[in-house]
Amino acid sequence: MVRSIVVDADVARSAGTSDDPMSSNCREFLVAMRRFRHEVVMSPAIDREWRRHRSKYAVAWLAQMESHRKVVRIDPAIDLASELAAASPTPKVAAIVDKDRHLIEAALECDRLVASRDKTARRHFCDIAITLPVIRPIAWVDPCSTDYSAVSWLRGGAKAHPEYRLLSS
């Protein structure tokens, strides 16, 4: 099954040709997305972030995805700024989740899947999901996690298993 996955710029920035574990994990994740025919979701905000932070490897990968028509371009209709701010326990948390809310908004428009290395943002979104049910179904996967294999997750159809959803922490 083909899934549309929001890939954070932190994954694109980290993906490279070095043997560093973070670089190789992100690179292998992107390769697996292409191999298993998953799509990458690009909103205007995600595209801007990618342009600022992507690696040379990610530029080439995105061009390959474009040539295979595996880029889903969207302009999310949903705006969660006020709901996330209201559900945030502190202004600092509100600023952290606002910085990454474009990932959540894009995921809600597609298959509700996010790939990101940002553990802090994920933790805060999990806390907020307790009082903001609309974000609960989103699965947030870290390509560099040592708890599971993100590549195996892609191979298995990138399903939003409960342990990846924002309500679990």
Side-chain angles (χ1 to χ4, degrees), residues 1-43 45-47 49-51 53-74 76 78 97 100-126 128-129 133-169:
M1 175 177 253
V2 174
R3 299 288 185 162
S4 298
I5 303 169
V6 174
V7 179
D8 192 0
D10 67 356
V11 175
R13 180 182 54 241
S14 297
T17 56
S18 81
D19 292 332
D20 174 75
M22 187 182 322
S23 177
S24 62
N25 285 338
C26 290
R27 180 180 65 247
E28 288 170 11
F29 183 83
L30 295 178
V31 166
M33 275 190 67
R34 190 177 59 234
R35 183 182 329 128
F36 300 120
R37 303 184 166 291
H38 296 296
E39 300 168 328
V40 62
V41 176
M42 283 287 166
S43 69
I46 294 168
D47 191 51
E49 191 176 53
W50 266 62
R51 289 183 190 280
H53 300 295
R54 64 186 171 191
S55 67
K56 289 180 184 178
Y57 180 86
V59 170
W61 177 83
L62 187 58
Q64 289 175 340
M65 295 294 280
E66 289 270 8
S67 72
H68 288 97
R69 294 185 173 96
K70 290 295 184 179
V71 178
V72 177
R73 299 227 176 247
I74 63 165
I78 191 167
V97 297
D100 282 329
R101 78 179 158 86
H102 63 285
L103 303 174
I104 301 299
E105 292 166 348
L108 287 171
E109 294 280 330
C110 293
D111 287 333
R112 299 177 179 173
L113 304 172
V114 172
S116 175
R117 293 181 27 254
D118 193 335
K119 291 174 179 50
T120 302
R122 184 187 193 286
R123 186 180 71 247
H124 291 308
F125 282 120
C126 285
I128 289 169
V134 68
I135 69 172
R136 290 179 189 169
I138 294 174
W140 184 294
V141 175
D142 181 352
C144 297
S145 177
T146 56
D147 297 332
Y148 54 84
S149 168
V151 170
S152 294
W153 175 74
L154 290 169
R155 183 184 307 114
K159 296 178 181 143
H161 297 294
E163 64 268 22
Y164 302 135
R165 290 191 190 146
L166 289 180
L167 197 53
S168 63
S169 49

> Drop me the distance from L154's CG to L30's CG, to the nearest 0.5 angstrom.
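So the gap between those two atoms works out to 9.5 Å.
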> Considering all heavy atoms of both residues, which atom of T17 and which atom of S23 are nearest to each other, and what is their separation?
N-OG, 4.0 Å
> If you compare all heavy atoms of L103 against all heavy atoms of I46, which two are closest, and at what distance to 0.1 Å?
CD2-CG1, 4.3 Å
> Can you measure from CD (Q64) to CE (M33) and round to the nearest 0.5 angstrom?
12.5 Å
> Return the minimal non-hydrogen interatomic distance between W153 and H161, and the atom names on each side.
CD1-CD2, 4.3 Å
> Using side-chain heavy atoms (C-beta onward) and a distance below 4.5 Å, is E49 in contact with D10?
no
> Who pairs with R73 by salt bridge (charged side-chain N to carboxylate O under 4.0 Å, His left out), at least two apart in sequence or on another chain?
D47, E66
> Between S4 and D111 (side chain of the first, backbone of the second, donor and acceptor by atom type, cut-off under 3.5 Å), is there such a pair?
no
> Please walk me through it: do R117 and S14 pass side chain to side chain contact (heavy atoms under 4.5 Å, CB included)?
CA-CA 9 Å; R117 293 181 27 254; S14 297; 2.8 Å; yes
> Working to the nearest 0.5 angstrom, can you tell me the gap between R27 CZ and Y57 OH?
6.5 Å
> How long is the straight-line distance from CG of L113 back to NE2 of H38, given to the nearest 0.5 Å?
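Interatomic distance, H38 NE2 to L113 CG, rounded to 0.5 Å: 9.0 Å.
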> Could you walk me through whether L108 and I138 satisfy the side chain to side chain contact (heavy atoms under 4.5 Å, CB included) test, starting with their C-alpha distance in whole Å, then the side-chain angles of each, then the deciding distance to 0.1 Å, before giving a yes or no?
CA-CA 7 Å; L108 287 171; I138 294 174; 3.8 Å; yes
> Quick one: closest heavy-atom pair of S43 and P76, and the distance?
CB-CD, 3.7 Å
> Rounded to the nearest 0.5 Å, how far apart are CZ of R13 and SG of C26?
9.5 Å
> Could you go step by step and tell me if Y148 and D142 meet the side chain to side chain contact (heavy atoms under 4.5 Å, CB included) rule?
CA-CA 9 Å; Y148 54 84; D142 181 352; 3.7 Å; yes
> Kindly determine whether W140 and I104 satisfy side chain to side chain contact (heavy atoms under 4.5 Å, CB included), including the steps that lead there.
CA-CA 9 Å; W140 184 294; I104 301 299; 3.9 Å; yes
> Looking only at non-hydrogen atoms, find the nearest pair between P143 and A150 and report the distance.
CA-CB, 3.7 Å
> Restricting to salt bridge (charged side-chain N to carboxylate O under 4.0 Å, His left out), what partner residues turn up for D100, sequence neighbours left out?
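For D100 there are no salt bridge (charged side-chain N to carboxylate O under 4.0 Å, His left out) partners, ignoring immediate neighbours.
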> Between R3 (side chain only) and K159 (backbone N and O only), is there a donor and an acceptor less than 3.5 Å apart?
no
> Would you call R37 and K70 a side-chain contact if the rule is heavy atoms closer than 4.5 Å?
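Yes - at least one pair of side-chain heavy atoms lies under 4.5 Å apart.
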> Using a 6.0 Å cut-off, check whether atom NE2 of H68 has over 12 heavy atoms from anything other than its own residue.
no
> First locate atom OG of S145, then atom NZ of K119, and finally report the distance between them rounded to the nearest 0.5 Å.
6.5 Å
> Kindly give the heavy-atom pair with the smallest separation between V72 and C110, and that separation in Å.
CG1-SG, 4.4 Å
> Sequence neighbours left out, what passes side-chain contact (heavy atoms from CB on, under 4.5 Å) with S149? Give chain and number order.
V151, S152
